[in-house]
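What follows is a short report on a single structure.
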Number of protein chains: 2
Amino acid sequence: MATQTGVPEVVVERLPQYLRALAHLKESGIEVISSQQLGDLLQVTPAQIRKDLSYFGRFGKQGRGYAISNLLAQLRSILGLDQTWNVAVVGIGRLGRAIISYPGFEPEGFRIVCAFDSDKAVVGQWAGGLMIHDFSTFKKVAGAEGVQIAVVAVPAAAAQDVIDQLVDAGIKAVLNYAPKSTLAPADVRIRNVDPVVALQSMTYYLSAAR
Amino acid sequence: MATQTGVPEVVVERLPQYLRALAHLKESGIEVISSQQLGDLLQVTPAQIRKDLSYFGRFGKQGRGYAISNLLAQLRSILGLDQTWNVAVVGIGRLGRAIISYPGFEPEGFRIVCAFDSDKAVVGQWAGGLMIHDFSTFKKVAGAEGVQIAVVAVPAAAAQDVIDQLVDAGIKAVLNYAPKSTLAPADVRIRNVDPVVALQSMTYYLSAAR
DNA sequence: TAGATTGTTAATCGATTAACAATC
DNA sequence: TAGATTGTTAATCGATTAACAATC
């Protein structure tokens with residue numbers, strides 16, 4: 001039995017970029033695109049696009065390129081975006097409320113179905129149409145709501161503890177807005193959204209002539 | 001003359017992570033740390049930490065490790081964080097206002113000094129203590145304010161046009177919140193903050209058993 | 001001094017790119 | 001058919017890791 005190496009994570013992370021560009025092209029009425037043209041658009045080499053796609057199947061036609069509608073559907077299916085995902089938001093402060101109100105999730109199939117906080121003064125209130133639950137009830141409430149993904153928007157000092165409890169409740173995917181690098185078991189995916197860290201690596205290039 | 005290869009970008013992007021962990025350790029009163037201990041904390045190999053740091057200098061002591069205060073100061077200096085950076089926010093909708101009000105930038109040395117929008121109904125209003133300028137006046141106003149970094153929070157459809165104009169005004173670093181991959185000259189750094197893209201690569205691992 | 005840990009070189013690993021036969 | 005472009009293999013490139021002499 002051959003060892004299943006799997007698809008490199010860096011490849012999986014590029015697929016949503018392809019998806020977005022293709023969706024945009026489709027809206028413009030374009031029906032077919034070559035790896036060369038898509039590469040020009042995204043500033044990656046055509047070889048990389050073809051190699052990336054080849055991990056998953058053969059989606060193109062020689063001499064012609066890729067049918068955009070078909071490739072879109074294939075990528076959506078590969079990424080698991082042909083279904084709706086139920087999301088819980090933990091930490092309903094200023095940032096958590098902005099996340100709940102952000103209109104960009106729902107059209108992409110991410111439905112925020114419940115909200116949690118551990119501050120008794122906030123629990124029981126409503127935010128963006130959702131009742132705020134006590135975080136200590138996460139496992140029960142999130143389980144009942146079929147939550148598969150958690151968004152963490154708590155203060156840095158609380159982030160690790162919250163993530164430990166999410167892991168304990170069986171959550172396997174966390175979008176972390178807390179400015180803290182956190183640890184989780186290898187089978188739990190964490191993506192950090194951290195504008196300050198993003199800025200801090202750009203200033204390196206702004207300082208002096210580099 | 002040897003070709004100056006420069007520091008790999010992936011190394012520069014790890015430095016803020018080191019910085020954050022070290023700042024946290026310092027607050028806990030810890031004064032010295034080995035690459036082994038820091039690696040355990042961040043889940044990277046000690047060899048990687050030593051190699052990364054070696055691009056910039058020799059900051060440790062054999063047999064002992066790194067003096068945290070000193071390493072922090074060195075990293076801050078390397079990243080250009082021993083100065084304040086002036087930031088402009090472009091696009092003052094719901095998201096732009098949340099960014100202006102986000103309390104995490106100022107303590108890290110990123111000062112939001114001006115705000116822009118191109119909607120005449122919004123220009124002239126105030127948001128978070130800043131008057132909203134017409135984006136057509138960006139070059140003049142941002143120049144006068146000494147802006148070095150722009151944050152883009154406009155709709156996807158407007159993002160490329162806005163970034164073109166920022167580049168034209170001499171901006172070399174853009175933090176892009178618009179859900180769109182954008183192009184810019186090689187000497188202009190762009191970092192994308194895009195929670196939907198982050199979610200879309202996690203769902204791959206959630207679908208089926210991978 | 002003995003023990004620990006750095007800084008750096010060399011080996012390994014994995015990702016990207018180039019090249020081209022297959023084929024639309 | 002001639003031209004274009006895929007899918008895939010092999011070559012290249014670059015990043016990570018292991019190993020260890022130097023040295024605190």
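We name chains A, B, ... by the order of the sequence lines, and we start the count at 1 in each one. Bear in mind the structure is a predicted one, so any value in this text is a computation, not a measurement.
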Original post:
Quick one: is A/Gln62 getting a side-chain N or O under 4.0 Å of the C/dA22 phosphate, OP1 or OP2?
Top reply: no

Original post:
How close or far is atom P of C/dG14 from atom CG of A/Asp52, stated in whole angstroms?
Top reply: 17 Å

Original post:
Is A/Arg64 touching bases, backbone alone, or none of the nucleic acid, heavy atoms closer than 4.0 Å?
Top reply: sugar-phosphate

Original post:
Between C/dT17, D/dT8, C/dG7, which nucleotide has the shortest distance from any of its atoms to the side chain of A/Arg50?
Top reply: D/dT8

Original post:
Distance check: side-chain N/O of A/Thr45 vs OP1/OP2 of C/dT16, anything under 4.0 Å?
Top reply: no

Subject >> Atom-to-atom span, CZ of A/Arg58 to P of D/dG7 - whole angstrom >> reply: 8 Å

**OP:** Report the distance from atom CD of A/Gln74 to atom P of D/dG7, rounded to the nearest whole Å.
**Re:** 11 Å

**OP:** Give a yes/no on whether any side-chain N or O of A/Tyr66 is located under 4.0 angstrom from OP1 or OP2 of C/dC24.
**Re:** no

Original post:
In terms of the nearest nucleotide of DNA chain C, which residue is placed more toward the 5' end: B/Gly57 or A/Gly63?
Top reply: B/Gly57

Subject >> Sidechain N-carboxylate O distance under 4.0 Å for A/Arg64, A/Glu31 >> reply: no

Original post:
Less than 4.0 Å between a side-chain N and a carboxylate O, is that true for B/Asp52 and B/Arg14?
Top reply: yes

Subject >> Whether B/Phe116 and B/His133 hold their rings parallel, tilted or perpendicular, with breakpoints at 30° and 60° >> reply: tilted

Subject >> B/Glu13 CD - D/dT16 P separation (whole Å) >> reply: 11 Å

**OP:** Can you tell me the distance, in whole Å, between the CD1 atom of B/Ile49 and the P atom of D/dA15?
**Re:** 18 Å

Subject >> Distance in angstrom units between B/Asn70 CG and C/dT6 C1', rounded >> reply: 14 Å

Original post:
Going by an N to O cut-off under 4.0 Å, is there a salt bridge joining B/Arg20 and B/Glu108?
Top reply: no

Original post:
So does B/Arg14 get a side-chain nitrogen or oxygen closer than 4.0 Å to the phosphate oxygens (OP1/OP2) of D/dT16?
Top reply: yes

**OP:** When you get a sec, tell me which of C/dT9, C/dA15, D/dG7 is the closest nucleotide to the side chain of B/Lys51?
**Re:** C/dT9

Subject >> Mate of D/dA4 where both pairing distances stay under 3.5 Å, Watson-Crick or G-U >> reply: C/dT23

Original post:
Does a side-chain N or O from A/Ser35 land closer than 4.0 Å to OP1 or OP2 of D/dT6, or not?
Top reply: yes

Original post:
For the pair made of CD1 in B/Ile33 and P in C/dA4, what is the distance, rounded to whole Å?
Top reply: 17 Å

Subject >> Under-4.0 Å salt bridge between B/Glu145 and B/Lys139 >> reply: no

Subject >> Whichever of A/Gln37 and B/Val10 has its nearest DNA chain D nucleotide further upstream toward 5' >> reply: A/Gln37

**OP:** Would you kindly give the CD-to-P distance between A/Gln36 and C/dC20, to the nearest whole Å?
**Re:** 17 Å

**OP:** Check every atom of D/dT5, C/dA18, C/dG7 against the side chain of B/Ser54 and return the nucleotide holding the closest atom.
**Re:** C/dG7

